[in-house]
Visitor: 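So that we are looking at the same thing, I have put the structure below in structure tokens.
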Amino acid sequence: MRDTGGLELQFRGIKDRGVLITGAGRGIGKRLAIGFAANGAKVGLLARTKAEIDLAHLEIEHAGGVSLRLRADVRDHDQLASAVRRMNVHFGGVHVLVCAAAVLGPIGPLEESSPEEWAGVLLTNVAGVANACRAVLPQMKERRAGKIIVLAGPGATKARPYHSAYAASKAGIVRLVETLAAEVADYNIQVNCMSPGGTYTHMTDQVLRAGERAGRKSLEEARHIRDSGGVPPDKQIELALFLASHSSTHISGRLLRVQDDWKKLENAKLNPESYVLRRIERA
């Protein structure tokens with residue numbers, strides 16, 4: 001396995017745990033899958049596209065890691081339940097769920113968007129997260145332990161003009177996470193949102209192709225991410241490992257960003273008002 005800077009030693013409880021990642025075929029989901037595998041986790045690669053999860057599996061396998069290909073659509077709860085059963089057989093269950101599957105959806109003014117396409121974004125981005133959580137919660141409750149990490153994004157805490165469906169979906173999962181965290185608190189299950197920061201993915205290309213329809217600010221941000229590469233994958237992996245580890249059992253119902261000074265939280269008592277999901281962004 002590649003050198004991961006001692007992250008495995010820093011964040012206890014990652015090695016040999018079953019980690020199910022939705023949207024693991026590309027983008028941030030794939031990066032997190034590779035990062036978890038590099039730290040000794042047994043990773044379930046869940047996505048709709050066979051070729052993408054085949055490639056991710058091959059990369060992990062060549063690096064000495066362990067992964068399982070799970071072709072499924074997060075919009076279909078039965079498919080997710082089947083994937084979880086396979087995780088139970090191969091890896092002894094799902095100890096950590098990472099919800100990274102998402103679509104950007106229509107770009108442009110709301111009145112010009114397709115109602116069907118707009119609603120489809122919420123089906124994938126919100127109902128898909130609920131389906132994944134619904135599929136893993138029974139075993140986590142029985143085990144009285146579990147970690148759920150949901151990726152937030154632009155629009156979760158502030159308006160994102162010309163991306164109304166995506167922004168609404170990300171705001172929706174923030175409240176879903178807060179609500180679920182309160183529901184499962186007595187079962188030692190932690191549920192948190194992770195904001196990975198601007199990073200180059202296929203969504204960046206979608207914004208660039210949309211041009212002015214994406215809005216001046218969004219287009220400028222996409223160009224900057226394309227030119228700079230955005231947030232380094234290691235920073236995203238490190239935060240995800242922290243939220244999946246025993247080091248964060250006192251943190252639930254929160255929104256942590258890669259640019260936050262979250263490392264101080266490992267040995268600190270969390271203020272009830274800090275890192276709340278309804279956080280206010282500063283200009």
Visitor: With hydrophobic residues grouped by side-chain heavy-atom distances under 4.5 Å, do V258 and M203 end up in a single group?
Guide: no

Visitor: May I ask whether L55 and I28 are part of the same hydrophobic cluster, defined by side-chain heavy atoms of I, L, V, M, F, W, Y residues being less than 4.5 angstrom apart, directly or through others?
Guide: no

Visitor: Are any side-chain N or O atoms of S164 and backbone N or O atoms of L110, one a donor and one an acceptor, separated by less than 3.5 Å?
Guide: no

Visitor: When rounded to the nearest 0.5 angstrom, what is the spacing between CD1 in I53 and CD1 in I60?
Guide: 11.0 Å

Visitor: May I ask you to say whether E112 pairs ionically with R213, meaning some side-chain N is under 4.0 Å from a carboxylate O?
Guide: yes

Visitor: Is I107 close to H163 at the side-chain level, that is, under 4.5 Å between some pair of heavy atoms?
Guide: yes

Visitor: Could you please spell out the steps behind the side-chain contact (heavy atoms from CB on, under 4.5 Å) verdict for M87 and V136?
Guide: CA-CA 10 Å; M87 288 284 292; V136 303; over 6 Å; no

Visitor: Without swapping roles, check the side chain of K147 against the backbone of S245 for a donor-acceptor pair under 3.5 Å.
Guide: yes

Visitor: Between the side chain of D260 and the main-chain N/O of R257, is any donor-acceptor distance below 3.5 Å?
Guide: yes

Visitor: If you group Ile, Leu, Val, Met, Phe, Trp and Tyr by side-chain heavy-atom gaps below 4.5 Å, do V231 and I225 land in one group?
Guide: no

Visitor: Find out whether D205 and L208 are in side-chain contact, i.e. whether some heavy atom of one side chain is under 4.5 Å from a heavy atom of the other.
Guide: yes

Visitor: Is there a donor-acceptor pair closer than 3.5 Å between any side-chain N or O of E178 and the backbone N or O of G253?
Guide: no

Visitor: State which residue, out of I21, L20, V96, fulfils the side-chain contact (heavy atoms from CB on, under 4.5 Å) condition with V43.
Guide: I21

Visitor: R69 and R86: which non-hydrogen atoms are nearest, and at how many Å?
Guide: O-NH1, 3.1 Å

Visitor: Without swapping roles, check the side chain of N125 against the backbone of K170 for a donor-acceptor pair under 3.5 Å.
Guide: no

Visitor: Quick check for you: to the nearest 0.5 Å, what is the distance between L255 atom CG and S195 atom OG?
Guide: 6.0 Å

Visitor: Would you give the length of the straight line joining atom CD1 of I14 to atom CG of D16, rounded to the nearest 0.5 angstrom?
Guide: 11.0 Å

Visitor: L256 vs M194, test: side-chain contact (heavy atoms from CB on, under 4.5 Å). Steps then yes/no.
Guide: CA-CA 5 Å; L256 295 181; M194 167 183 156; 5.8 Å; no

Visitor: Show the numbers, then the answer: is there a side-chain contact (heavy atoms from CB on, under 4.5 Å) between K15 and N39?
Guide: CA-CA 6 Å; K15 188 175 176 59; N39 280 271; over 6 Å; no

Visitor: Which atoms form the tightest heavy-atom contact between A100 and G29, and what is the distance?
Guide: CB-CA, 3.7 Å

Visitor: Is there a donor-acceptor pair under 3.5 Å between the side chain of H250 and the backbone N or O of L265?
Guide: yes

Visitor: Which atom names give the shortest non-hydrogen contact between P109 and Y162, and what distance separates them?
Guide: N-CD2, 3.7 Å

Visitor: Output the distance between atom CZ (F36) and atom CD1 (I237), rounded to the nearest 0.5 Å.
Guide: 9.0 Å

Visitor: Quick test of your reading: applying salt bridge (Lys or Arg N to Asp or Glu O under 4.0 Å), list the pairs with at least one residue in residues 219-231, sequence neighbours left out, ordered by first then second residue.
Guide: R216-E220

Visitor: Report whether L151 and Y200 are members of the same hydrophobic cluster (ILVMFWY, side-chain heavy atoms less than 4.5 Å apart, transitive linking).
Guide: no

Visitor: Is there a donor-acceptor contact under 3.5 Å from the side chain of H95 to the main chain of G18?
Guide: yes

Visitor: Grab the two heavy atoms, one from E117 and one from G105, that are nearest each other, plus how far apart they are.
Guide: OE2-C, 4.0 Å

Visitor: Compare all side-chain heavy atoms of T199 with those of Q236 and state whether any distance is below 4.5 angstrom.
Guide: yes

Visitor: Between S248 (side chain) and I251 (backbone), is there a donor-acceptor pair under 3.5 Å?
Guide: no

Visitor: Looking at F91 and S67, what are the two nearest heavy atoms and their distance?
Guide: CZ-C, 4.0 Å

Visitor: Would you say the side chain of L137 lies within less than 4.5 Å of the side chain of I148, judging by non-hydrogen atoms?
Guide: yes

Visitor: Taking S82 for the side chain and Q79 for the main chain, is one N or O donor matched with an acceptor at less than 3.5 Å?
Guide: no

Visitor: Of all the heavy-atom pairs spanning S169 and V126, show the shortest one and how long it is.
Guide: O-CG2, 3.5 Å

Visitor: Any salt bridge linking K30 with E52? Criterion: basic side-chain nitrogen under 4.0 Å from a carboxylate oxygen.
Guide: no

Visitor: Do T49 and R71 meet the criterion of a side-chain donor-acceptor pair at a distance under 3.5 Å?
Guide: no

Visitor: Does the side chain of R134 come under 3.5 Å of the side chain of N131 through a donor N or O and an acceptor N or O?
Guide: yes

Visitor: Quick one: are V74 and L46 in side-chain contact, heavy atoms under 4.5 Å?
Guide: yes

Visitor: I'd like to know if L176 and Y187 are part of one continuous hydrophobic network [Ile/Leu/Val/Met/Phe/Trp/Tyr, side-chain heavy atoms within less than 4.5 Å].
Guide: yes

Visitor: Hey, what do you get for CZ (R26) to OG1 (T201), rounding to the nearest 0.5 Å?
Guide: 8.5 Å

Visitor: Would you say the side chains of D261 and Q259 form a donor-acceptor pair under 3.5 Å?
Guide: no

Visitor: How long is the straight-line distance from CD1 of I149 back to CG of L32, given to the nearest 0.5 Å?
Guide: 8.0 Å

Visitor: Counting N and O atoms only, with roles assigned by atom type, does the side chain of N192 sit under 3.5 Å from a partner on the main chain of R254, one being a donor and the other an acceptor?
Guide: yes

